[in-house]
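Let me begin by presenting the structure, written as structure tokens, before commenting on it.
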Amino acid sequence: MSSGRPYAAMVRRAALATLLSGFLLGVWACAQSPPTSNAVPVTGEPAPAAGEAPALLSPAATEILLATRSVASFDPNGWYRISPYWPGENYSLDVIGQGNHTNWLKLGDTGNYSGQAWQITPIGDGYHRLTTEYGGPGLSADILNDGAGNQPFLSATGEYSGQQWWIAPLGEGYYRLTTAWQGPGRSLDVVNDGMNRKVTLADTGDFTGQYWRITPWEAGPGFCEWRTSDIIDPRISIGAQTSLMRKMADGPPTSLSASAMIGAIKRGHLAGILLPPTQAVSDRGARMQPPRGHWDLIPAGQNSICLQEPAGESPMIVYRTELEPWAIDAALDDAWAQCGLQTPNPPCDYVVDRHRPPPGTPDLPALDAALVVQVLIGGAGADGAEVAIHVEGTDFQATQTTSGGGFAFFDPPPGVGIVAVLPPTAAHKMATRNRQIDPGMTNVLTIELEPQDQPTPQPTPGPVCDEDRWHESFNACGEQVIYGAGGCILQAWEDFAKCRTSPKSCLLGKFWDCRRELEHKKKIQQCVDKANAESGCSFAGAPAG
């Protein structure tokens, strides 16, 4: 959900005077008492020495610049890096690539990363849209509308006031960033929590965390980088993840298609690279016209396909299971060519950060080899499974519990890993696998847990049939029916003797009345049911003999 409501230019202009007057009163109030913020106040800091960072503007100068609402100018076709004065330009405004807070903005270590490459596009009335190479033009910097209204993130591009950024020059190459939705009273800031990585919208003040340097992107060849943690994505099957890592590690030209596929998934231009049995693929087939099962999606004689249906959805690559690694590489390239999406050249560079587990798992040391185990049940990641690893010939042992989509991360020494998986429920079998650990390479081991064999339930034996008891019960019941029938027949004969005319029809009529009155079939069945219940038998009628 996007932050603000669509913001008409006419309404924005009418409200601007009110916002500015309220903001100036707030600045005046802050000058009377010490301000509070998430970052470091400027006031009172010593002037920087020659060659160091330039002195920041005084509160009075900042107030004047904000009041005049100066308009910054940027090349809409250029790329920029956005870095804070505090905690320093070793950090850059970046995007979280995975986990519970995917697409939230943060401070990342300054590097050649696509999430740190920003485009600043004017959208009228002095406002700009902020997009990244990582998310593409379809995702814009926005503010989460969750009640607090202070969390910056990337959301689907639209006409929303939270995506309209005013970039006010503060001098010396620094800028203040505010939104049309929250107004000039709240500025992009850095949270001073010891880690100093979170960004937020905080009350506007003269604080170093609200001073942002915007500089032209100077990445040179290679423009961007993909990390191993970018490739470990639930939209990419484990075999495809390993293939992409391998292709990226080989560099150009092998990495061309791999880099393009990763970028297309991150931007939403490609829905995923998945195996047929997965839920997302089955759901996709069900939406086609006519609907198709996942087993019918890949044509005979092909190892993969780029699904272009249903119309209006991003394409999806589906490849066959049980392929050799080299065959997966070729299958992905074949399907990518079918998709008809752009393959940028040169490709992004590759950074191996495999030792960095997803949020919620403990940090692991960076060693020469890594093992990533994903546990699946029914094709879906199984969290809560206990994965134990032992390396033959060593004392190395480690245990992890899967999380974040069924993943467990290990950094064992090279050798043969003995991996045992204890499933989260007793309904599935424990699995044991061996895996050679290659130094310097991320090994991804997928273990699919199978249902535990359950004994066939035996029917509970019923009571033993007592035929003597059955006869005893049935006869006692049937005697009443017989006596009733005999009495009815005798009465019919007596009535017949009294008939004066049509003796034949009179007799038949009397017997018919008798039969209708007796309901003998129903009464006999009632006797059978009563005898079965009392004897433990299940006869449909009187037993033979």
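Throughout, numbering of the chain's residues begins at 1 and tracks the sequence. Predicted, not measured: the structure shown is a model, and the values here were computed from it.
Residue Ile120 holds its CD1 atom at 9.0 Å from OG1 of Thr131, rounded to the nearest 0.5 Å. To the nearest 0.5 Å, atom CD1 of residue Ile167 and atom CD1 of residue Ile82 are 6.5 Å apart. Between the OH atom of Tyr134 and the CD atom of Gln116 there is a distance of 12.5 Å, given to the nearest 0.5 Å. Distance CG/Leu144 to NE2/His101: 9.5 Å, rounded to 0.5 Å. Taken to the nearest 0.5 Å, the OH atom of Tyr85 stands 6.0 Å off from the OH atom of Tyr174. With rounding to the nearest 0.5 angstrom, the CD atom of Glu448 is 8.0 Å from the CD1 atom of Ile377.
Proximity of a side-chain donor or acceptor of Tyr319 to a complementary backbone N or O of Ala240 within less than 3.5 Å is detected. Using a distance-only test at 3.5 Å, with no hydrogens or angles considered, no donor-acceptor pair links the side chain of Arg176 to the main chain of Leu188. Side chain of Thr132 to backbone of Gly115: no donor-acceptor contact under 3.5 angstrom is found. Of the possible polar contacts, none joining the Gln164 side chain to the Ala180 backbone as a donor-acceptor pair under 3.5 Å is found. When atom types are taken as modelled, the side chain of Thr401 and the backbone of Glu386 share no donor-acceptor pair closer than 3.5 angstrom. A donor-acceptor pair is defined here as one N or O able to donate and one able to accept, closer than 3.5 Å; no such pair exists between the side chain of Thr446 and the backbone of Gln374. For the pair Gln182 (side chain) and Gly149 (backbone), a donor-acceptor distance under 3.5 Å is present. Under a 3.5 Å cut-off, the side chain of Thr278 and the backbone N or O of Leu275 do form a donor-acceptor pair. With Trp118 contributing its side chain and Leu93 its backbone, the two residues share a donor-acceptor pair below 3.5 Å. In this structure, the side chain of Thr179 does not engage the main chain of Trp165 through any donor-acceptor pair within 3.5 Å.
In this structure, the side chains of Val199 and Val191 stay at 4.5 Å or more apart for every pair of heavy atoms. Using a 4.5 Å cut-off on side-chain heavy atoms (C-beta onward), His128 and Trp166 make no contact. Counting heavy atoms from C-beta outward, Leu130 and Leu177 have side chains that approach closer than 4.5 Å. Counting heavy atoms from C-beta on, the side chains of Leu449 and Leu376 never come closer than 4.5 Å. In this structure the side chain of Cys306 never reaches within 4.5 angstrom of the side chain of Met316, judged on heavy atoms. Proximity of Arg227 to Ile232: side-chain heavy atoms (C-beta onward) are nowhere separated by under 4.5 Å. Under the 4.5 Å side-chain criterion, counting only non-hydrogen atoms from C-beta, Pro84 is not in contact with Tyr211.
Heavy atoms only, all atoms of each residue included: Cys339 and Ile317 are closest at SG-CG1, 3.9 Å. The shortest non-hydrogen separation linking Val190 to Pro87 is CG1-CD, 4.1 Å. Here the closest non-hydrogen pair linking Ala408 and Gln400 is CB-CB, 3.9 Å. Scanning both residues, Val95 and Lys106, for their nearest heavy atoms gives O-CE, 4.0 Å. Closest approach of Ser187 to Thr178, counting heavy atoms only: OG-CG2, 3.5 Å. Between Arg186 and Leu201 the shortest heavy-atom distance is NH2-O, 3.3 Å.
A side-chain N or O of Thr228 and one of Tyr350 form a donor-acceptor pair less than 3.5 Å apart. Counted by atom type alone, Tyr91 and Asn196 present zero donor-acceptor pairs between their side chains at under 3.5 Å. Side-chain polar atoms of Thr343 and Trp336 form a donor-acceptor pair below 3.5 angstrom. A donor-acceptor contact closer than 3.5 angstrom links the side chains of Arg81 and Ser92. A donor-acceptor contact under 3.5 angstrom links the side chains of Gln163 and Ser155, judged on distance only.
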Task: Chi angles and distances behind the ring pair (Phe, Tyr, Trp, His ring centres under 6.0 Å) call for Phe153, Trp104 - done: CA-CA 4 Å; Phe153 77 127; Trp104 282 24; 7.7 Å; no
TODO: For Arg213 and Ser83, run side chain to side chain donor-acceptor pair (under 3.5 Å): C-alpha distance rounded to whole Å, both residues' side-chain angles, the deciding distance at 0.1 Å, then the answer.
DONE: CA-CA 5 Å; Arg213 181 180 289 280; Ser83 303; over 6 Å; no
TODO: Show the numbers, then the answer: is there a side chain to side chain contact (heavy atoms under 4.5 Å, CB included) between Leu154 and Asp142?
DONE: CA-CA 6 Å; Leu154 293 184; Asp142 200 345; over 6 Å; no
Task: Check against side chain to side chain contact (heavy atoms under 4.5 Å, CB included), Val421 and Thr402 - done: CA-CA 10 Å; Val421 177; Thr402 58; over 6 Å; no
- [ ] For the pair Val318 and Ile273, evaluate side chain to side chain contact (heavy atoms under 4.5 Å, CB included) and give the outcome as yes or no after the intermediate values.
- [x] CA-CA 6 Å; Val318 180; Ile273 307 175; over 6 Å; no
TODO: Apply side chain to side chain contact (heavy atoms under 4.5 Å, CB included) to the pair Val419 and Leu445, showing each step before the final yes or no.
DONE: CA-CA 9 Å; Val419 181; Leu445 177 60; 4.0 Å; yes
- [ ] Just do the side chain to side chain donor-acceptor pair (under 3.5 Å) check on Ser257 and Asp333 with the steps written out, would you?
- [x] CA-CA 7 Å; Ser257 60; Asp333 284 344; 2.6 Å; yes
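Under the side chain to side chain contact (heavy atoms under 4.5 Å, CB included) criterion, Ala388 pairs with Thr399, sequence neighbours left out. With sequence neighbours left out, the side chain to side chain contact (heavy atoms under 4.5 Å, CB included) criterion links Asp329 to Ser243, Arg246, Lys247. Every side chain to side chain contact (heavy atoms under 4.5 Å, CB included) that Asn77 has, sequence neighbours left out, goes to Asp75. Evaluation of the ring pair (Phe, Tyr, Trp, His ring centres under 6.0 Å) rule for Tyr80 yields Phe74 as partners, not counting sequence neighbours. Contacts of Glu313 classified as side chain to side chain contact (heavy atoms under 4.5 Å, CB included), with partners at least two apart in sequence or in another chain: Arg284, Arg287, Pro310. Partners of Thr157 under the side chain to side chain donor-acceptor pair (under 3.5 Å) rule, at least two apart in sequence or in another chain, are Ser140.
Using a 4.0 Å cut-off between charged side-chain N and carboxylate O, Lys198 and Asp189 make no salt bridge.
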